[in-house]
Structures are given as structure tokens and as C-alpha cells.
Amino acid sequence: MPDHASFNHGFSIMSVVVRFAPSPTGYLHIGGARTALFNWLYARHTGGRYVLRIEDTDRQRSTEAAVQAILDGLSWLGLDADAPPVFQFARAERHREVAEQLLAKGLAYRCYETPAEAEARRAAQQAQKLPVRYDGKWRDRDPSEAPEGVSPVIRLRAPTEGETVIDDLVQGRVTVRNDQLDDMILLRSDGTPTYMHSVVVDDIDMGITHVIRGDDHLTNTFRQAQLYQAIGAALPRFAHIPLIHGPDGAKLSKRHGALAVTEYREMGLLPEAVRNYLLRLGWGHGDEEIISIDDAIAWFDIKDVGRGPSRLDMGKLENLNAHYLRQRPNAELLDLLDPFLAKAGLEADATGRARLLAGMDGLKQRARTLVDLAAAAAIYLRARPLPLDAKAAGLLTDEARDRLASLAAPLAALPSWDEASLEAVCREAAEAAGIGFGKLAQPLRAAVTGSNVSPGLFEVMRVLGREETLARLADVTAGRNPAALATN
RNA sequence: GCCCCCAUCGUCUAGCGGUUAGGACACGGCCCUUUCAAGGCUGAAACACGGGUUCGAUUCCCGUUGGGGGUACCA
């Protein structure tokens, strides 16, 4: 057992401890978010602990901005950790210490192969179609043979015979022959630890019981297992979850969907929708599709995670989003909408906000994202005279305008400005004119909203109020409306 | 090259030796209807291929093919 276990504050060894360990060399993308979600859910499901470890040992590529982006993304998704994040680089001294101990015990050794030599070796191996791996040149050489002026790396003296077996919770039993593995580097020549070394030391010190991570780490796990063995620590349980691919099946890239989770937020998606979508990628529970966070916690288990990779489907994500959008209270949506209104060039004053609140039921029913919702909100926010889009203008023939003009008086005289009364007046007018209701309703919609598509016509009129509605009608009959800029 | 993993409708998945192979998204039709949504009904759509094992394979085993990952003094 390691003699250093500063993170294992007296928790029972039976209690689950998981971690999400992103490296701050870029934003938190959708795949990382799902890995975090699975870890978080597993901790909540088992009553264990979920912690965050920032793997910043690559000093060249790690940035403070990336750390912040990861923290923001996780907090937006509601994946709160049970402890402050651990910064891996801060533990470099400890990593060095473990490497030195292994060195002292003869379980590791100094290797004086220079980077240039290593490159030449690999090229030669490749040319001869030999497996590319370290040849163990310094494994058994006497230290006295060390060349002058070369700082060595420290390599693990890994077993050369037998095999290493991982009982993966997702992938099952995976075996590799030890002669397929070479002696991995623990400490670089500048004394800094490699990722492979730091993860193992940290996972041991932090008392991690279950390592749930992307299956791009599966083959690394063999080497890591050898290191656990050398250190004399028990192996945690491993669960390697398949990666998420782009819609075309290729690796997720910036070109298609490997966006920062903060960009999903900017696309007008709700965190609960993203969470639900991610949960269903690689995991299922019978026919369940809409899954509350509580049910997710109750149902989630690693054994139900699938082995095959999955593809990102924005359509399904947006469908889920539409569902959760309708679920949100109107006042919350109004708050969420603010930045999206601004981006759409709209401004909501007190009157506008009151209208949005009153009209939200109709608006949210028709939106898939907050971006859609903001665009649809324009009918309640634009100043008169309303711009008419092409379809609306087409609806407003001279004949239609005449009918609308004659509608003004009965509307003005209406005792009660409610939806039922509005509908009654309009139906009467259509009947009196001997035309179908739609022949009247569509031009009326065009006049009142500037568009041929909108929430229920009488709901819109009710929300706008008598004065605004009649003013909009008057604009149209007087031909005051400008043409809307074609947007699509 | 070598090593490892994966494979059910277009996509996400259920299935865990015997099912009319189920659901969801997307797509088509119908209904509802003042438009668009939502909703309801409905249609088309899958076990990659070849061998085994078995009375019987989508399900178990082995190949092939196709994807993915690793093979760094990156993580």
C-alpha cells in the first residue's frame, strides 16, 4: 500500500470514489461532458463521492482559460463535485517521490536514450515493419555506462513475460501479452511526471475506486496496471465507455459538433436537455427517453453502458430541448431569453416583458431552442409599423385589406377583449362576407404579426391588447408597413 | 506494421437461445385545426458477411469485412 494517502480522509474502502479528469488544453467538449455525467451519476447512484482533477501536467498546452471553461461547462450542466478540484501539477513532487521509490527498489530504471535516438529507433522499427516500442536498451545496463551530459528519463521495469488482464466493467475481460508492452516513462528527463505516471499515483492517493473514462484510454490501462502492481496498490475497477463520434461516424472534430458545452448553451439549449441527451448516448433504460435527474440517479449503472460508439444527432438533442423548453415556467424562460433577444436585435421594455410573459405559452410551444424562441418573440417586441415578410405581404391583397378595415369597428366595440369574444367576432365577419374562416384569419394574422406563422391568432391579439392590435390593423389598411428584410 | 476494442432501422437504443425484433429522433400519410407547432393514429425502415455450437441463433464461439482506439520525454 502507498504510504501516502492524503486524499483518502477515512472513507471506507467500500465507498465509491470516482473522478472526472479533464486536461485543460482546450474546452470541455460533449464527450468529456458525458464522461463527467456518467461519473457524477455513478457517485450519486452509489452514495459515493465525485471529484474533479485537472490534469495540467502538460505545462505547454494547459491554460487558465481552459480550466475556467471546463469549470463553467460542468457547473452549467449541474455536475457539482464533492470537493474542490485537485490540480495535478501541484502534486508533481509526490509523483517524483513515487518514481524515486520505485527506482530505489529496482522496479524502475534510468534510461539515457535521447529523444533523437528514440526517434531514430522508431523510424528503423517502422522501416523493418517491427512493432514500434522501446527496446529496453538501458533496462539492465550498469549505471556506470551512463553517457556524459544526458539527463535520463525514468522508466518502469515492466514484466516481459506473462500477461496483463483488465476486468473492465464495460468492455469485459481484456488481456494483452506483456511482451507487447514496453517500459513506459514515469519521469521525463526534466524530472516532470508523465500523464501515465501521475494518473496512477493520483488515483491511488485519492482513493479512487472506479475509473470511468473514454475508451481511448483502454489500451493505456495495461501499462497503468503494471504500475499499480509495481507500487503495490490494488487496482481500481475500470469502466471504459465508448467515444462519441460525429454525425458522419468519424472522430468528433470541431467541424461537426465537438463544440464546447458553453457553445451548446449559446445555441439556445437547456442544460437539462443536454444532460438527458448525453445520458441516452451509450446508456439506456428500457424504452425510457425523457428521464428526470432523479430517475437518472436511481437507474444509472455502469453495467448498462453499451460497448459500441455512438454518433451525435443534433436533431434528437433539439427535440429533447423543445420538450424541456415547454416544461420550463414562463418567468424562467423570460430570464433565460434575455441574451438571446439581444443577439436577435430585440429589446424588451416593461411592456414587452409583460407581453412576453403573457404570450409565452404560445411561444414556447413552437420553439426548439432559445434562439427560436427569441426570434418568435419579435411579434411582441417590434415597434409599429410592423415590417411584413413576403408571405404576409402576399396575404394582404386589396380585398383582404378591405375586410380588415371593416373589422376595426366591431373590434373596437367589443365589450370584452378576450380570446373567445375575438374569435366570435371574426367568425361572424367571415360568415357575413361569405368566406371561409381561414380566408379572414390569415390576412388578420399577417396584419397583426407581420408573418404568416405565429401562435394562436386570438392569443396574440389578447396579449397585444386592443389598442396595439387596432393600431397594427390601421397600419396595414393605410399601407404604412415596410417590407421585412428577407432572412432566409 | 503491431496490439486492443466495437458492430440491431439513417441516428440513439431495447433485446440478454424460441419475440409479428420493441421504443425514440428524423422521414411519409391521415386526423385535429385560424397558420405553425404540439398532440393522436399510421406507414416505410435494422440484426454487416461467412462458418460453427445447438432441436433452435440477433443473442454463444471462430473468422472476414467495416469502424474506432493505442502504439509520445501529449493527456
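Just so we're on the same page: letters track the sequence lines, and every chain starts at 1.
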Between [N] ([atom2]) and [X] ([atom1]): distance, integer Å:
| X | N | atom1 | atom2 | answer |
| --- | --- | --- | --- | --- |
| A/Asn321 | B/A38 | CG | C1' | 15 Å |
| A/Asp304 | B/A14 | CG | C1' | 11 Å |
| A/Tyr324 | B/C25 | OH | C1' | 14 Å |
| A/Ile290 | B/G39 | CD1 | C1' | 14 Å |
| A/Leu317 | B/C12 | CG | C1' | 11 Å |
| A/Asp313 | B/C25 | CG | P | 11 Å |
| A/Arg366 | B/C36 | CZ | C1' | 6 Å |
| A/Leu440 | B/U35 | CG | P | 13 Å |

Which residue lies more 5' along RNA chain B, comparing A/Pro309 with A/Leu181 via nearest heavy atoms: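 Going by which nucleotide is closer to the 5' end, it is A/Leu181.
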Toward the 5' end of RNA chain B, by each residue's nearest nucleotide, A/Asp56 or A/Gly172: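 Nearest nucleotide further toward 5': that of A/Gly172.
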Taking the minimum atom-to-atom distance to the side chain of [X], which one of [options] wins?
| X | options | answer |
| --- | --- | --- |
| A/Pro115 | B/G68, B/C6, B/C73 | B/C73 |
| A/Arg307 | B/C6, B/A75, B/G23 | B/C6 |
| A/Val132 | B/G1, B/U34, B/A75 | B/G1 |
| A/Gln88 | B/G1, B/C6, B/A75 | B/A75 |
| A/Arg133 | B/C2, B/C12, B/U34 | B/C2 |
| A/Leu243 | B/C5, B/C25, B/G68 | B/G68 |
| A/Arg223 | B/C2, B/U34, B/U71 | B/U71 |

Lys/Arg cation over aromatic A/Phe87: A/Arg53, 6.0 Å, 45° cone: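 No, a cation-pi geometry is absent between A/Arg53 and A/Phe87.
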cation_pi(A/Arg121, A/Tyr134) dist<6.0 Å, angle<=45: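 Cation-pi check for A/Arg121 and A/Tyr134: fails.
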Proximity of A/Phe38 and A/Phe20 rings by center, below 6.0 Å: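 Here the rings of A/Phe20 and A/Phe38 have centres that are no less than 6.0 Å from each other.
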Sub-6.0 Å ring centroid separation between A/His95 and A/Tyr195: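 No, too far apart.
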Strand-adjacent residues in residues 193-201 of chain A, judged by heavy atoms under 4.0 Å from RNA chain B: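 Those residues whose heavy atoms fall under 4.0 Å from RNA chain B, taken from residues 193-201 of chain A in numerical order, are A/Thr194, A/Tyr195.
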Contacting residues from residues 448-463 of chain A, given that a heavy atom lies under 4.0 angstrom of RNA chain B: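 Only A/Asn452, A/Val453, A/Ser454, A/Pro455, A/Gly456, A/Leu457, A/Phe458 qualify.
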Plane angle bin for A/Tyr42 and A/Phe300 - parallel if under 30°, tilted between 30 and 60°, otherwise perpendicular: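 Ring orientation, 0 to 90° scale: perpendicular.
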Ring geometry between A/Tyr27 and A/His29 (parallel below 30°, tilted from 30 to 60°, perpendicular above 60°):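 Ring orientation, 0 to 90° scale: perpendicular.
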Using a 4.0 Å heavy-atom cut-off across all strands, classify [X] as base, sugar-phosphate, or nothing.
| X | answer |
| --- | --- |
| A/Gln180 | sugar-phosphate |
| A/Arg280 | base |
| A/Val174 | sugar-phosphate |
| A/Lys129 | sugar-phosphate |
| A/Asp58 | sugar-phosphate |

A/Tyr109-A/Asp183 side chain donor-acceptor pair, cut-off 3.5 Å: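 Result is yes, a qualifying pair exists.
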Pair A/Ser451-A/Thr449, side-chain donor/acceptor within less than 3.5 Å: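 No, because no side-chain N or O of A/Ser451 sits under 3.5 Å from a partner of the opposite role on A/Thr449.
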Residue that, paired with A/Ile212, satisfies side-chain contact (heavy atoms from CB on, under 4.5 Å) out of A/Leu41, A/Leu169, A/Ile302: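 That would be A/Ile302; it is the only one of A/Leu41, A/Leu169, A/Ile302 passing the side-chain contact (heavy atoms from CB on, under 4.5 Å) with A/Ile212.
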Can you check whether [X] has a side-chain N or O nearer than 4.0 Å to OP1 or OP2 of [N]?
| X | N | result |
| --- | --- | --- |
| A/Asn319 | B/A24 | no |
| A/Ser62 | B/A75 | no |
| A/Arg368 | B/C25 | no |
| A/Arg34 | B/C12 | no |
| A/Arg326 | B/A38 | no |

For B/A48, the Watson-Crick or wobble partner whose two distances fall under 3.5 Å: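 By the stated definition (distances under 3.5 Å), B/U64 pairs with B/A48.
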Candidate pair A/Glu55 and A/Arg19, rule salt bridge (Lys or Arg N to Asp or Glu O under 4.0 Å), full reasoning: CA-CA 11 Å; A/Glu55 309 221 316; A/Arg19 83 312 195 269; 5.2 Å; no
Look at the side chain of [X] and the base of [N], then say whether one donor and one acceptor between them are separated by less than 3.5 Å.
| X | N | value |
| --- | --- | --- |
| A/Glu289 | B/G23 | yes |
| A/Asp287 | B/G22 | yes |
| A/Thr219 | B/C3 | no |

Ionic contact status for A/Lys439 with A/Glu399, cut-off 4.0 Å: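 Salt bridge absent between A/Glu399 and A/Lys439.
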Straight-line distance of A/Arg368 CZ to A/Met267 CE, nearest 0.5 Å: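 Answer for the CZ-CE pair, A/Arg368 versus A/Met267, is 11.0 Å.
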Atom C1', compared across B/G10 and B/A48: separation rounded to whole Å: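 Their C1' atoms lie roughly 15 Å apart.
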Separation between the P atoms of B/C2 and B/G15, rounded to whole Å: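 36 Å, rounded to whole Å.
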